Amino acid sequence: MLKLNQVSAQYNMLNGYVKAVDRVDFEVRKNEIFGIAGESGCGKSTLLKVMYDLINYPLEIASGSVEVHTSDRKGVPVIYRNGEIHKSWWKDISYVPQGAMHVMNPVTRVKNQFFDTISKYHGVKNKKLLEHEITAYLKELELPPEVLKAYPHQLSGGMRQRVLIALATFLHPSIVLADEPTTALDVVVQRGILTMLSQVQKKLMNSMVIVSHDMGVHYQITNRMGIMYAGQMIEIGPTERIFNEPKHPYTKMLIHALPRIGDNSQKEGIPGTPPSLKNPPAGCRFAARCPHVMEACRVVEPERVNVGEGHYASCHLLN
Ligand SMILES: Nc1ncnc2c1ncn2[C@@H]1O[C@H](COP(=O)(O)OP(=O)(O)OP(=O)(O)O)[C@@H](O)[C@H]1O
Ligand SMILES: [Mg+2]
């Protein structure tokens with residue numbers, strides 16, 4: 001559905017480039033929830049912008065390509081490449097940005113946010129009919145129709161996030177990108193949002209990409225996932241395998257940091273900080289924090305190794 005071919009993206013700053021996404025290569029398949037994990041600043045949101053082709057200064061694509069594979073009304077396959085993906089926004093691919101629930105237009109009722117968005121991209125011929133369809137869709141998603149009359153501040157954070165997910169999925173896009181959809185919500189509300197996302201995915205049988213720094217979120221709802229470190233995707237595979245047999249020391253540390261019922265051991269963070277993306281080090285970017293670091297790690301960049309069953313990791317320990 002969505003294919004990234006060795007994509008690199010950077011922020012063009014006055015004093016140099018911030019290389020936020022480095023040669024990322026993977027695909028999102030039909031009918032799956034794909035997760036992207038990694039600590040703050042590793043390039044998750046930038047990668048999602050690249051996938052949605054939301055490229056505004058200072059962000060630029062340095063190399064590689066993105067492809068959205070979809071079909072037209074007659075079922076004929078269509079491929080949109082970066083530079084033209086905007087033609088398929090909302091209809092084929094939609095995006096819920098990080099923190100979107102905090103930046104909904106405060107002086108516009110929810111109903112008009114739906115109208116504005118849909119009319120901007122696809123025109124609205126019959127407002128009454130559209131309102132009827134929106135109400136019916138909200139009902140399907142178990143949202144009260146009264147939210148349409150509300151202003152964003154009158155809704156709870158969780159409800160605003162649900163409304164945004166409803167808006168993003170209203171036109172039944174085949175790909176939905178959601179950036180940190182549960183961050184800043186309490187755990188009970190989080191669970192509700194995750195349930196909603198997975199129900200919508202099952203209903204539409206489409207593909208979803210969920211970005212979250214919370215490994216628990218990935219464990220709960222993703223089918224496959226990628227782990228990012230310092231702009232690179234260092235491990236990718238079926239979520240179950242990532243959790244049961246993580247291969248990269250960084251992934252192991254992320255999983256080890258998760259609390260488990262019955263385990264009272266002290267959880268420690270990962271020592272050290274990620275390298276600068278302005279001037280990333282040679283070799284493996286995790287070398288400075290890795291407990292297994294070898295001489296080669298500081299010099300030679302590890303290649304992606306196939307460890308079976310669609311599971312790949314980039315680490316010298318695997319060779
Ligand atoms: N508009 C911008 N201009 C310049 N640099 C940016 C911009 N947005 C992000 N960056 C830099 O790009 C890198 C990747 O940022 P990004 O927001 O993609 O990370 P993230 O993984 O989504 O982090 P978080 O978990 O905090 O949301 C960081 O070094 C960040 O400082
Ligand atoms: Mg982010």
Side-chain angles (χ1 to χ4, degrees), residues 2 4 6-26 28 33-64 66 82 85 94-103 157 161 164-165 168 176-185 190 193-194 197 208-219 221-222 225-236 242 248 250-251 253-255 257-258 269-270 272-281 285-286 288-289 314:
L2 187 61
L4 278 82
Q6 295 286 332
V7 183
S8 297
Q10 59 199 19
Y11 294 96
N12 189 348
M13 312 305 281
L14 288 174
N15 53 355
Y17 294 106
V18 178
K19 297 173 189 127
V21 170
D22 187 51
R23 289 162 292 160
V24 170
D25 196 286
F26 71 102
V28 179
I33 303 187
F34 186 89
I36 299 173
E39 68 200 297
S40 189
C42 68
K44 305 181 297 297
S45 295
T46 309
L47 180 60
L48 219 57
K49 282 181 207 160
V50 166
M51 292 162 85
Y52 194 58
D53 207 15
L54 188 64
I55 308 295
N56 293 315
Y57 180 82
L59 181 60
E60 56 190 38
I61 293 197
S63 59
V66 185
N82 43 309
I85 292 175
S94 65
Y95 166 60
V96 182
Q98 184 166 7
M101 63 181 176
H102 304 297
V103 295
Q161 191 64 286
L164 285 169
I165 294 168
V176 179
L177 313 175
D179 196 350
E180 303 280 3
T182 62
T183 306
L185 296 170
Q190 269 192 20
I193 300 285
L194 294 180
L197 283 167
M208 278 192 188
V209 180
I210 310 282
V211 161
S212 179
H213 64 274
D214 182 346
M215 290 293 278
V217 166
H218 294 289
Y219 186 75
I221 69 160
T222 66
M225 64 181 300
I227 312 284
M228 285 192 79
Y229 187 77
Q232 300 178 327
M233 198 166 271
I234 50 106
E235 184 157 358
I236 181 167
I242 299 272
H248 198 288
Y250 178 63
T251 314
M253 288 170 112
L254 281 181
I255 291 168
L258 272 179
I270 301 173
T273 48
S276 149
L277 292 176
K278 267 196 179 147
N279 207 352
R285 296 192 177 179
F286 189 57
R289 300 169 82 185
S314 310

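Start at 1 and go down the list; that is how both ligands and their atoms are numbered. Both backbone and side-chain heavy atoms feed into the values below; hydrogens, waters and symmetry mates do not. Counting from 1, the numbers follow the sequence of the chain as shown. Given the structure is predicted, the values throughout are model-derived calculations rather than measurements.
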Inset, instruction - Could you please give the number of protein N/O/S atoms within less than 2.8 Å of the Mg ion (ligand 2)? - result: 2
Inset, instruction - Can you sort out which atoms of ligand 1 are near Leu277, meaning under 4.0 Å from one of its heavy atoms? - result: 13 (C), 29 (O)
Legend entry - Under-4.0 Å heavy-atom contact between protein and atom 9 (C) of ligand 1: yes
Inset, instruction - Would you mind checking which non-hydrogen protein atom is closest to atom 19 (O) of ligand 1, with the distance to 0.1 Å? - result: Gly43 N, 3.3 Å
Inset, instruction - Take every heavy atom of Gln98, measure it against each atom of ligand 1, and state whether any distance is under 4.0 Å. - result: yes
Legend entry - Subset of ligand 1 atoms that lie under 4.0 Å from at least one heavy atom of Ser45: 17 (O), 18 (O), 20 (P), 22 (O), 27 (O)
Inset, instruction - Measure from the side-chain N and O atoms of Thr182 to the backbone N and O of Gln190, and report whether any donor-acceptor pair falls under 3.5 Å. - result: no
Inset, instruction - May I ask you to list the atoms of ligand 1 that are less than 4.0 angstrom from any heavy atom of Ser40? - result: 23 (O), 24 (P), 25 (O), 26 (O)
Inset, instruction - Give the atoms of ligand 1, by number and element, whose distance to some non-hydrogen atom of Thr46 is under 4.0 Å. - result: 14 (C), 15 (O), 16 (P), 18 (O)
Legend entry - Main-chain N/O of His248 paired to Glu235 side chain as donor or acceptor, under 3.5 Å: yes
Inset, instruction - Answer yes or no for atom 31 (O) of ligand 1: protein heavy atom present at a distance under 4.0 Å? - result: no
Legend entry - Numbering as shown, the atoms of ligand 1 that approach Ala20 to under 4.0 Å (heavy-atom distance): 12 (O), 13 (C), 14 (C)
Inset, instruction - Compute the minimum heavy-atom distance from Gly38 to ligand 1 and say whether it is under 4.0 Å. - result: no
Inset, instruction - Check whether any side-chain heavy atom of Gln98 lies under 4.5 Å from a side-chain heavy atom of Leu48, and answer yes or no. - result: no
Inset, instruction - Measure from the side-chain N and O atoms of Asn82 to the backbone N and O of Val66, and report whether any donor-acceptor pair falls under 3.5 Å. - result: yes
Legend entry - Nearest non-hydrogen partners of Arg289 and Ile270, listed with the distance: NH2-O, 3.2 Å
Inset, instruction - Measure the shortest side-chain to side-chain distance between Ile221 and Met208 over non-hydrogen atoms and say whether it is less than 4.5 angstrom. - result: no
Inset, instruction - Would you kindly specify which portion of His213 sits under 4.0 Å from ligand 1, judged on non-hydrogen atoms: side chain, backbone, both or neither? - result: neither
Inset, instruction - May I ask you to test the Met233-Ser314 pair for a side-chain heavy-atom distance under 4.5 Å? - result: no
Inset, instruction - For atom 25 (O) of ligand 1, grab the closest protein heavy atom and report residue, atom and distance to one decimal in Å. - result: Lys44 NZ, 2.8 Å
Inset, instruction - Run down the list Gly41, Ser276, Ala9 and name the one with the heavy atom closest to atom 23 (O) of ligand 1. - result: Gly41
Inset, instruction - Could you tell me which atoms of ligand 1, counted from 1 in the order shown, lie closer than 4.0 angstrom to a heavy atom of Met13? - result: 4 (C)
Inset, instruction - Would you check whether Lys49 has a nitrogen or oxygen atom less than 3.5 angstrom from a nitrogen or oxygen atom of ligand 1? - result: no
Legend entry - Geometric class of the Tyr229/Phe286 ring pair [parallel <30°, tilted 30-60°, perpendicular >60°]: perpendicular
Inset, instruction - From the options Leu277, Leu4, Thr46, select the one residue that forms a side-chain contact (heavy atoms from CB on, under 4.5 Å) with Val21. - result: Thr46
Inset, instruction - Quick one: look up the protein heavy atom nearest atom 3 (N) of ligand 1 and list residue, atom name and how far away it is. - result: Tyr11 CD2, 3.5 Å
Legend entry - Identified side-chain contact (heavy atoms from CB on, under 4.5 Å) counterpart of Val211 within the set Asp179, Leu177, Val96: Asp179
Inset, instruction - Verify, without hydrogens or angle tests, whether Glu180 (side chain) and His213 (backbone) share a donor-acceptor contact under 3.5 angstrom. - result: yes
Inset, instruction - Determine yes or no for a side-chain-to-main-chain donor-acceptor pair under 3.5 angstrom, with Ser8 supplying the side chain and Arg23 the backbone. - result: yes
Legend entry - Sidechain-backbone polar pair: Lys44 side chain, Gly38 backbone, donor-acceptor under 3.5 Å: yes
Legend entry - Whether Arg285 side chain and Gln232 backbone form a donor-acceptor pair below 3.5 Å: no
